[in-house]
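These numbers come from a predicted model, not from an experiment. The chain is numbered in sequence order, starting from 1.
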Amino acid sequence: MEPDKILIDIRTCELTLSEVMKQIEIWKKEMPDYEIFMDGDAYSISARKLRH
């Protein structure tokens with residue numbers, strides 16, 4: 001299983017919440033085989049390959 005991809009490190013990100021939400025929508029369209037989620041442990045927006 002491939003490791004989660006960190007898309008945005010929230011600790012160092014300077015984007016607004018609305019910018020982050022817009023980017024998440026873009027990634028959802030560009031990466032349909034991935035789940036985009038808030039990783040509380042890594043304090044990041046991450047992507048995980050979906051199992052089919």
Side-chain angles (χ1 to χ4, degrees):
M1 178 177 210
E2 86 180 56
D4 295 345
K5 296 180 181 185
I6 295 178
L7 303 173
I8 298 175
D9 183 340
I10 295 173
R11 293 173 287 215
T12 60
C13 176
E14 294 185 10
L15 298 174
T16 66
L17 179 57
S18 61
E19 291 170 330
V20 170
M21 297 306 291
K22 286 178 190 175
Q23 187 59 50
I24 288 171
E25 289 304 315
I26 292 168
W27 282 322
K28 287 168 94 176
K29 291 175 185 168
E30 291 178 349
M31 301 168 36
D33 293 341
Y34 285 82
E35 169 189 19
I36 310 297
F37 65 99
M38 166 63 181
D39 186 335
D41 293 335
Y43 208 61
S44 65
I45 304 298
S46 298
R48 177 178 295 148
K49 185 88 167 166
L50 294 172
R51 296 182 194 186
H52 295 283

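By the 6.0 Å contact criterion, CZ on Phe37 is enclosed, its count of non-hydrogen atoms from other residues, nucleotides or ligands being greater than 12. When the shell of 6.0 Å around CD of Glu14 is examined, it contains 12 or fewer heavy atoms from other residues, nucleotides or ligands.
Between the side chains of Lys28 and Tyr34, not a single donor N or O lies within less than 3.5 Å of an accepting N or O.
Rounded to the nearest 0.5 angstrom, Gln23 CD and Leu15 CG are separated by 8.0 Å. With rounding to the nearest 0.5 angstrom, the CZ atom of Arg48 is 13.0 Å from the NZ atom of Lys5. A distance of 5.5 Å separates CG of Asp4 from OG of Ser46, quoted to the nearest 0.5 Å. Atom CG of Asp33 sits about 7.0 Å away from atom CG of Leu50, to the nearest 0.5 Å.
Listed here is the closest heavy atom pair of Cys13 and Val20: SG-CG2, 4.4 Å.
Counting only heavy atoms from C-beta outward, the side chains of Met38 and Ile10 approach each other to under 4.5 Å. For the pair Trp27/Ile8, a side-chain contact is recorded, criterion being any heavy-atom separation below 4.5 Å from C-beta on.
In the hydrophobic clustering of this structure, Ile6 does not group with Met21; members are Ile, Leu, Val, Met, Phe, Trp, Tyr whose side-chain heavy atoms approach within less than 4.5 Å, directly or through other members.
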Side chain to side chain contact (heavy atoms under 4.5 Å, CB included) between Ile36 and Ile24, intermediate numbers included
CA-CA 7 Å; Ile36 310 297; Ile24 288 171; 3.9 Å; yes
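In this structure, the side chain of Glu25 does not engage the main chain of Lys22 through any donor-acceptor pair within 3.5 Å.
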